[in-house]
Each structure stands twice: as C-alpha cells, then as structure tokens.
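Down below is the structure, laid out as structure tokens.
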Amino acid sequence: MPRPRECPFGPSPDYARLRIESPVVRVKCPTGMRAWLVSRYADVREVLGDSERFSSRTGQVPHMMGHADPERPVRPGEFTRMDGAEYQRFRRHIGPEVGTPKRLAELRPRVEAIVAERIDALAAAGSAADFYGDFTVPVTTAAISGVVGVPYADRQLFHTAAAAVFSDITSEPQMAAAMQPLHGYLYQLVRARRADPQDDGVSRIIVRSEQSNEPFSDMELVAMCAVMLVAGFDTTATALAHGMFALLAHREQYARLQAEPALIPSAVEEIVRCFGGAAGIARQVTRDTRIGDTPVRAGEYVVVAIQAADRDPEQFADPDRIDVGRRISDHLGFGYGTHQCFGQQTARLELTVVLEQLVRRIPTLRLACPVQEVPFKANTPVIGPAAVPVTWDEILPSGEGAR
Ligand code: HEM
C-alpha cells in the first residue's frame with residue numbers, strides 16, 4: 001500500500017483499520033501473487049517464530065519483485081530460502097562474522113573511522129548534502145565491504161547487483177545477467193582466499209567451513225557473499241536516512257540526543273522499529289493451520305507487514321510517535337525467529353556510531369527542504385527516502401572531543 005504524502009514516517013493508515021477489521025486478509029500482491037497479509041504484532045511474531053509451519057522457501061520478497069519466483073528451485077548457497085538443518089549449516093558459519101562481541105569490538109574502530117571520514121567529506125564539500133546518497137550509502141557500503149572482505153573500490157559491482165535485485169526486472173535471464181559481474185568477481189575472490197587466506201570475513205568462513213563435515217563449495221560461497229553484500233548496505237543506509245529524516249523533521253528528538261547521548265541505544269531501536277522490516281517478508285504455509293482465528297492451508301503464501309506490526313498499539317504505546325527515549329527490545333524491524341537478520345548487530349553498531357558522531361560534530365544539522373518535498377524510492381521493498389537534503393552552519397573537527 002502506498003505511503004500517504006502527508007506523512008512520510010509510517011505505513012499506510014489503512015493498516016490501522018486492517019489490524020482491527022481484517023488482521024489476516026487475502027490480498028493480491030504487486031507481483032500478482034495471492035497471499036494472506038498479516039498485520040497484527042502478535043500474529044506476525046507467530047508466523048516469523050514458527051519456521052516449521054511457515055517456510056522461508058518463498059524467498060523474502062516474491063510479493064514485491066517480479067524476478068523472485070517463489071516456486072523456483074533453491075540455488076546452492078541461497079540460504080535465505082532454506083529451512084531446518086539445511087539452513088543452520090549456513091547460519092553457523094556466517095553468524096560469527098557479523099555477531100560475536102569479539103568481531104563487533106574489532107569492527108567498532110573501523111566504523112568510527114569510516115563515519116569520521118565521511119563527516120569530514122561533508123565538511124569539505126560545503127554546507128549542504130544529500131544525507132542518503134552522500135553519507136549513509138558510503139558509510140554502510142564501506143562497513144559491509146569491511147565485514148565481508150571486499151575492497152571499497154569495488155563497491156560498484158554490488159551496488160549494481162543490489163539495484164537489480166530491488167528493481168522491477170521480471171525475467172530470470174535478465175536477473176542472471178545483472179548478477180553475473182558480481183558473481184564472476186566473487187568467484188575469483190573465493191578462489192584466491194581459498195589458496196591464500198587473509199584476515200577477512202570470506203577467508204574465515206572458508207576456513208571454518210573446511211574444518212566442518214560439509215565444507216561449502218565455491219558456488220555456495222559466492223552466493224553467500226553476494227547475499228551479505230546486497231542485503232547489508234541499502235537496508236542500513238535507508239533505515240538510517242529515514243530515521244535521520246524523522247529526527248530532523250521532529251527536531252526536538254535530535255536535540256534530545258544532543259543533550260543526552262546516553263539515549264542513543266534506544267534511539268537506534270526506535271529507528272529500526274519505525275523504519276526497519278522493509279515491505280514485509282513472505283512465507284509459505286507448510287500444513288493446514290490457523291493464524292489468529294483465520295484458517296490457512298498448506299501451500300498458501302503469507303506476507304507479514306512488519307512495519308504495520310511494529311505500529312500495533314496493542315504492543316507499543318502511542319506507536320506512531322517517534323520517541324528516542326522509548327524503552328523497547330521487542331520490535332520486529334530485524335525480523336524474528338530462525339531467519340532474524342544476520343547483520344543486526346553490525347547495523348546497530350553503524351547506526352550507533354553515526355548518531356554519536358553526528359550529534360557531537362554537527363549540532364546544527366537540519367533539513368534543507370520542507371518535509372513534503374523529500375523524494376521517496378518507488379517499486380522497491382527497501383522503503384525509504386531517495387534523498388534527504390540537509391544543511392548545517394558548522395561541522396566541528398573530529399578528534400578527542402568529537403569521538
Ligand atoms: C537497519 C538495517 C537492517 C534491517 C532493517 C534489516 C532487516 C532484515 C529483516 C527484517 C530480515 C528478516 C528476513 C526474513 O525473516 O526472511 C533480515 C535478514 C537478513 N539480513 Fe538484515 N537488515 C538490516 C541490516 C543488515 C546488515 C548490515 C546485514 C549484513 C551484515 C544484513 C544481512 C541480512 C541477511 C544475510 C539476512 C537473511 C537472514 C536469513 O534469511 O536467515 N542485514 N534483515
């Protein structure tokens with residue numbers, strides 16, 4: 001459902017009515033797929049939390065993207081469409097690269113340096129910028145490049161691939177052609193790291209997998225790296241840009257963070273509650289069952305409206321208000337259950353470091369145009385602004401006081 005122009009900070013108000021009148025409703029999706037649309041927090045959590053009754057075999061966004069055929073056989077390494085033990089084989093080896101305290105502690109200084117450098121670049125460029133294109137995309141691209149172990153200079157390959165994945169390409173051959181340059185590149189990378197492991201994510205995944213009973217093939221590794229690169233940067237860049245857009249439009253919230261940086265962790269959760277989750281995630285029913293009071297049958301598709309669930313007043317008080325002091329830990333912006341976001345700790349770290357440095361170094365940061373003029377992306381599951389024009393009076397230098 002399209003977002004209303006008058007309020008760019010929330011899903012369509014029709015969801016409020018659906019949650020009450022038809023919380024599990026039969027819909028025709030943009031790709032033509034028929035599915036049950038689920039919008040209540042408790043129901044969405046139930047679906048995402050039960051991978052035995054609700055399979056991920058569909059892929060995440062077949063309701064939005066014409067090329068994402070839910071019936072297509074699962075390819076080697078396409079772990080986002082796997083269930084059970086088949087899936088856990090991947091999670092076990094990738095998880096440590098993006099979630100352990102040790103890895104995050106190593107990542108923090110890298111992310112701090114990336115963010116400081118991008119703020120310096122804003123200062124050098126003048127007194128206005130597009131916060132999305134000039135800031136959040138480069139920051140999250142550099143971060144995910146570092147996590148996987150792909151040089152930042154080669155980012156265009158996965159930017160182009162992500163643009164294709166989140167585009168309205170409908171045919172399989174077109175999609176394969178769009179992904180080929182990234183896959184070819186990653187194949188060379190995987191071969192090189194197998195022969196000569198480095199201190200990077202790909203090498204460590206290869207080494208861990210080689211020590212296991214069922215090592216990954218080159219093609220599996222290529223697919224895994226491609227998913228990480230494509231899933232890792234624009235989701236974070238868009239949530240961050242959308243979140244800052246909201247904080248600057250409700251500027252008292254930005255001022256609150258400046259006065260009380262201890263609120264930054266809760267601000268990060270609030271941004272993900274309000275702007276995470278993308279345009280919902282799909283699942284397939286594995287056996288006849290119920291969602292809430294509604295019977296659903298084996299083989300049918302389900303789409304969970306995550307952003308609507310995260311605005312459910314049964315779960316969150318005054319849910320449409322963005323409140324950086326809100327104390328929550330149970331939003332669904334990173335999903336829930338078995339397939340919950342791999343990169344959530346990485347994303348949290350990126351959002352935290354960005355907010356820490358922005359409130360210190362750019363206290364006068366503000367929107368450079370009226371809220372209604374901020375353009376939005378169209379035909380993509382990664383919902384958010386296409387640009388966030390911002391301006392400022394002064395950018396304070398980085399350094400001791402600015403970290
Ligand atoms: C604010 C930023 C982000 C948001 C809102 C977000 C959101 C999500 C959601 C809702 C899912 C669940 C999909 C499902 O249940 O089928 C997911 C999965 C995933 N995310 Fe994120 N994500 C973010 C950042 C990242 C980052 C930085 C990475 C990489 C380091 C990443 C990698 C992944 C991967 C690989 C999956 C698939 C997991 C699976 O199917 O098991 N994400 N993400």
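Indexing begins at 1, ligand by ligand and atom by atom, following the structure's order.
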> In terms of atom number and element, which parts of ligand 1 are under 4.0 angstrom from non-hydrogen atoms of Arg91?
Replying inline: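 Answer, ordered by atom number: 41 (O).
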
> By number and element, which atoms of ligand 1 are closer than 4.0 Å to a non-hydrogen atom of Ala239?
Replying inline: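 Every atom of ligand 1 under 4.0 Å from some heavy atom of Ala239: 1 (C).
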
> Any chance the rings of Tyr87 and His339 have centres within less than 6.0 Å?
Replying inline: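 Yes.
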
>> Between Phe245 and Tyr132, is the ring centroid distance below 6.0 Å?
In response: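 Between Phe245 and Tyr132, the centre distance exceeds or equals 6.0 Å.
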
Does some side-chain heavy atom of [Y] sit less than 4.5 Å from a side-chain heavy atom of [X]?
X: His93; Y: Ser212; result: yes
X: Ser171; Y: His67; result: no
X: Met219; Y: Arg75; result: no

>> Can you report which non-hydrogen protein atom sits closest to atom 13 (C) of ligand 1, along with the distance?
In response: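 Answer, as residue, atom name and distance: Gln60 NE2, 3.4 Å.
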
> How far is atom 7 (C) of ligand 1 from its nearest protein heavy atom, and which residue and atom is that?
Replying inline: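 Looking only at protein heavy atoms, the one closest to atom 7 (C) of ligand 1 is Gly333 O, 3.6 Å.
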
Return the option from [options] holding the heavy atom at the smallest distance from [atom].
atom: atom 30 (C) of ligand 1; options: Ile144, Val382, Val147; value: Ile144
atom: atom 39 (C) of ligand 1; options: His331, Gln340, His339; value: His339
atom: atom 16 (O) of ligand 1; options: Glu97, Arg283, Glu78; value: Arg283

>> Would you say CD of Glu117 has more than 12 non-hydrogen atoms from neighbouring residues, nucleotides or ligands within 6.0 angstrom?
In response: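 Incorrect, the count does not exceed 12.
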
>> Regarding Arg103 and Glu97, does a basic nitrogen lie under 4.0 Å from an acidic carboxylate oxygen?
In response: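 Judged by the 4.0 Å cut-off on N to carboxylate O distance, Arg103 and Glu97 do form a salt bridge.
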
> Salt bridge or not for Asp330 and Arg45, using N-O below 4.0 Å?
Replying inline: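 A salt bridge is absent here (no side-chain N lies under 4.0 Å from a carboxylate O).
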
>> Can you confirm, on distance only, whether ligand 1 has an N/O atom lying under 3.5 Å from any N/O atom belonging to Tyr87?
In response: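 Yes - when backbone and side-chain N and O of Tyr87 are compared with those of ligand 1, one distance drops under 3.5 Å.
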
> Is the charged tip of Arg311 near the ring of Tyr15: under 6.0 Å from the six-membered ring centre and within 45° of its axis?
Replying inline: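 That pair does not qualify as a cation-pi contact.
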
>> Quick check with a 6.0 Å cut-off and a 45 degree axis cone: is Arg91 positioned over the face of Phe79's six-membered ring?
In response: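 No - Arg91 does not lie over the ring of Phe79 by the 6.0 Å and 45° rule.
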
>> Listing by chain and number, which protein N, O or S atoms are under 2.8 Å from atom 21 (Fe) of ligand 1?
In response: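 Checking every protein N, O and S atom gives Cys341 SG.
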
>> Using a 4.0 Å heavy-atom cut-off, which part of Thr80 comes near ligand 1: side chain, backbone, both, or neither?
In response: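 Answer for Thr80: both.
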
